Trainee: 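Take a look at this one; I'll ask things after.
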Amino acid sequence: MMNRRASSLLLVLWAIMLMSFAVLGLVSNLSRGLDESIHAEKEFRARLLLQSARTLAAHPDIEWGDPLLSQWVSNTSSYEVFLTTEGTRLCINQLTNSAQRDFAQRLFQKWGMDERQAETLTESINDWLDPGDRPRSHGAERDYYTTLGRPDLPYNRPFDNIDDLTMVRGAEELDNVRPDWREFFTIYGDGGIDLHRASAEMLAVLFDVTESEVSRFINARLGPDGLQDTIDDRRFATLAEARRVLDVPQANYNAVAALLVLDHPVKRTECLARAGSLERRLTIISGPAISLIREQ
């Protein structure tokens, strides 16, 4: 009798254990399903906000500095739109131009390369771009890359991807001296530098002066509130007007004057949408013969 009662008790305990495991599994599945539903809902809201931001940015009456470009839609959802141009970056496909080449070499040195390293990278980029097979004194053509097991390099044509720069002789130093170097280069446009949008760092390197020597110009450009991308940012009507505010030597200005523009033709629109902790980005590059949309 006692054995039968003990067996019954064991069966009951086993049944309870099995039911417990089943309940735990159900709860785990429900929790995972709930997490997936929440993520899907955030994803939907973020993408919806991205498309709304894109539509807003494309409106002909919207200009950089408009308060509508940065909005909270709810306590957990928001979007921001950044309107700029490719003229804030150095166009690596234009380094066959002597002014652009000098600009690039100064930029590499400012980042921490020594003169020889900067010259090697600059000349190797030029060898990559030109159709010839005779290397510059510190450059690299097919013979150099063949010793590295890459006889197919250089491509001897303009770059169509920024990351291709990593294959150029001397480019391995970029990640050491400036890990975010990709943010300073473009493959679009004619190499013009946008005086309205270029950073103080880029302008200082362009004019071969210190950042303090372009600070008056930057402060004037920011307007009375001293903030970037607000409605009071100053728009210069002519390059002559901008020149009067720039505290740089005339010789330095003349050396790069041909690169200066006030309204670069290649526009960059960057949209950022947030739904809770989820972020989604959309980059649109548009201009003459260029239309590129990249979502992250």
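No hydrogens, no waters, no symmetry mates; every other heavy atom, side chains included, goes into these values. Just so you know, these numbers come straight off a predicted model, no measurement behind them.
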Trainee: With side-chain contact (heavy atoms from CB on, under 4.5 Å) as the test, would you mind laying out the steps for Ser137 and Glu123 before giving the verdict?
Mentor: CA-CA 8 Å; Ser137 58; Glu123 292 195 357; 3.5 Å; yes
Trainee: In the single-linkage hydrophobic clustering (I, L, V, M, F, W, Y; side-chain heavy atoms under 4.5 Å), do Ile284 and Leu50 co-cluster?
Mentor: yes
Trainee: Quick check on the hydrophobic clustering: are Val261 and Ile218 connected, directly or via other members, by side-chain heavy-atom contacts under 4.5 Å?
Mentor: no
Trainee: Ignoring hydrogens and angles, state whether a donor on the side chain of Thr210 or Glu213 is under 3.5 Å from an acceptor on the partner side chain.
Mentor: yes
Trainee: Hey, does Pro249 have a side-chain heavy atom less than 4.5 Å from the side chain of Val209?
Mentor: yes
Trainee: Decide yes or no for Leu239 and Tyr253: does some side-chain heavy atom of the first lie under 4.5 Å from some side-chain heavy atom of the second?
Mentor: yes
Trainee: From the options Arg280, Arg274, Arg281, select the one residue that forms a salt bridge (charged side-chain N to carboxylate O under 4.0 Å, His left out) with Glu80.
Mentor: Arg274
Trainee: Flag yes if Tyr155 and Leu121 sit in one hydrophobic cluster, no otherwise; membership is Ile, Leu, Val, Met, Phe, Trp, Tyr, and two members link when side-chain heavy atoms are under 4.5 Å apart.
Mentor: yes
Trainee: Any chance you could lay out the side-chain contact (heavy atoms from CB on, under 4.5 Å) test for Tyr145 and Asp152, step after step, and finish with the verdict?
Mentor: CA-CA 8 Å; Tyr145 294 104; Asp152 56 316; over 6 Å; no
Trainee: For the residue pair Gly189 and Cys91, what are the closest heavy atoms and their distance?
Mentor: O-SG, 3.8 Å
Trainee: Donor-acceptor pair, distance only, cut-off 3.5 Å: does the side chain of Gln94 make one with the backbone of Leu90?
Mentor: no
Trainee: Taking everything shown except Asn161 itself, do over 12 heavy atoms lie less than 6.0 Å from its CG?
Mentor: yes
Trainee: When you check the side-chain N and O atoms of Arg197 and Thr85, is any donor under 3.5 Å from an acceptor?
Mentor: no
Trainee: How far apart are the closest heavy atoms of Ala140 and Ser124, and which atoms are they?
Mentor: N-OG, 3.7 Å
Trainee: Should Ile290 and Ile293 be counted in the same cluster of Ile, Leu, Val, Met, Phe, Trp and Tyr side chains packed under 4.5 Å apart?
Mentor: no
Trainee: Does a donor on one side chain and an acceptor on the other come within less than 3.5 Å for Thr146 and Asp143?
Mentor: no
Trainee: Under a single-linkage rule joining Ile, Leu, Val, Met, Phe, Trp and Tyr whose side-chain heavy atoms are separated by less than 4.5 Å, which residues share a cluster with Val73?
Mentor: Leu49, Leu56, Ile62, Trp64, Leu68, Leu69, Tyr79, Val81, Leu83
Trainee: Check the pair Leu260, Arg243 against side-chain contact (heavy atoms from CB on, under 4.5 Å), reporting the backbone distance first and the verdict last.
Mentor: CA-CA 10 Å; Leu260 306 178; Arg243 173 69 185 105; over 6 Å; no
Trainee: Take Val168 and Phe159 through the test side-chain contact (heavy atoms from CB on, under 4.5 Å) and record every step on the way to the result.
Mentor: CA-CA 11 Å; Val168 176; Phe159 292 87; 3.8 Å; yes
Trainee: For the backbone of Ala237 and the side chain of Glu241, can you confirm whether one donor and one acceptor N or O come within less than 3.5 Å of each other?
Mentor: yes
Trainee: Roughly how far, to the nearest 0.5 Å, is CG of Asp247 from OG of Ser215?
Mentor: 7.5 Å
Trainee: Would you find a donor on one side and an acceptor on the other, under 3.5 Å apart, between the side chain of Asp180 and the backbone of Glu183?
Mentor: no
Trainee: Look up atom CD1 in Ile125 and atom OG1 in Thr96, then write down how far apart they are to the nearest 0.5 Å.
Mentor: 11.5 Å
Trainee: Distance check, rounded to the nearest 0.5 Å: Leu165 atom CG versus Trp181 atom CH2?
Mentor: 4.5 Å
Trainee: Enter the distance from Arg221:CZ to Gln228:CD here, rounded to the nearest 0.5 Å.
Mentor: 5.5 Å
Trainee: What are the two closest heavy atoms between Trp72 and Ser77, and how far apart are they?
Mentor: CE3-O, 3.4 Å
Trainee: Are the side chains of Arg182 and Asp163 in contact, using a 4.5 Å heavy-atom criterion?
Mentor: yes
Trainee: Between Arg106 and Leu206, is there a donor-acceptor pair closer than 3.5 Å when you use the side chain of the first and the backbone of the second?
Mentor: yes
Trainee: Using modelled atom types and a 3.5 Å cut-off, is there a donor and acceptor pairing between side-chain atoms of Glu173 and backbone atoms of Gly170?
Mentor: no
Trainee: Calculate, to the nearest 0.5 Å, the distance between atoms CG and NZ belonging to Asp194 and Lys267 respectively.
Mentor: 7.0 Å
Trainee: Is Ile231 linked to Leu227 within one hydrophobic cluster, defined over Ile, Leu, Val, Met, Phe, Trp and Tyr using a side-chain heavy-atom separation of less than 4.5 Å?
Mentor: no
Trainee: Does Glu141 pair with Arg136 as a salt bridge, N-O distance under 4.0 Å?
Mentor: no
Trainee: Might you point out which heavy atoms bring Ile285 and Arg268 nearest each other, and give the distance in Å?
Mentor: CD1-NH2, 3.5 Å
Trainee: Do Ser277 and Lys42 have side chains that approach each other closer than 4.5 Å (heavy atoms only, starting at C-beta)?
Mentor: yes
Trainee: Side chains of Phe236 and Leu195, heavy atoms from C-beta outward: is any pair under 4.5 Å?
Mentor: no
Trainee: CG/Asp127 to CG/Leu95 distance, rounded to the nearest 0.5 angstrom?
Mentor: 11.5 Å
Trainee: Do Thr269 and Arg54 make a side-chain contact, defined as non-hydrogen atoms from C-beta onward lying under 4.5 Å apart?
Mentor: no
Trainee: For His264 versus Val266, what's the shortest heavy-atom pair and its separation?
Mentor: ND1-N, 3.1 Å
Trainee: Would you check if the side chain of Arg216 reaches a backbone N or O of Val245 as a donor-acceptor pair within less than 3.5 Å?
Mentor: yes
Trainee: Looking at Asn156, is its backbone amide N or carbonyl O close enough to the side chain of Asp130 to form a donor-acceptor pair, meaning the two atoms are under 3.5 Å apart?
Mentor: no
Trainee: Check whether more than 12 heavy atoms from other residues, nucleotides or ligands sit under 6.0 Å from atom CD of Glu115, and answer yes or no.
Mentor: no
Trainee: Looking at side-chain heavy atoms only, is the closest gap between Ile193 and Met202 below 4.5 Å?
Mentor: no
Trainee: Over all heavy atoms of both residues, which pair between Ala99 and Ala255 is shortest? Give the atoms and the distance, please.
Mentor: CB-O, 3.9 Å
Trainee: Less than 4.5 Å apart, any side-chain heavy atom of Ile162 and any of Arg89?
Mentor: no
Trainee: Name the residue from Trp111, Phe108, Phe103 that meets the side chain to side chain contact (heavy atoms under 4.5 Å, CB included) definition with Val205.
Mentor: Phe103
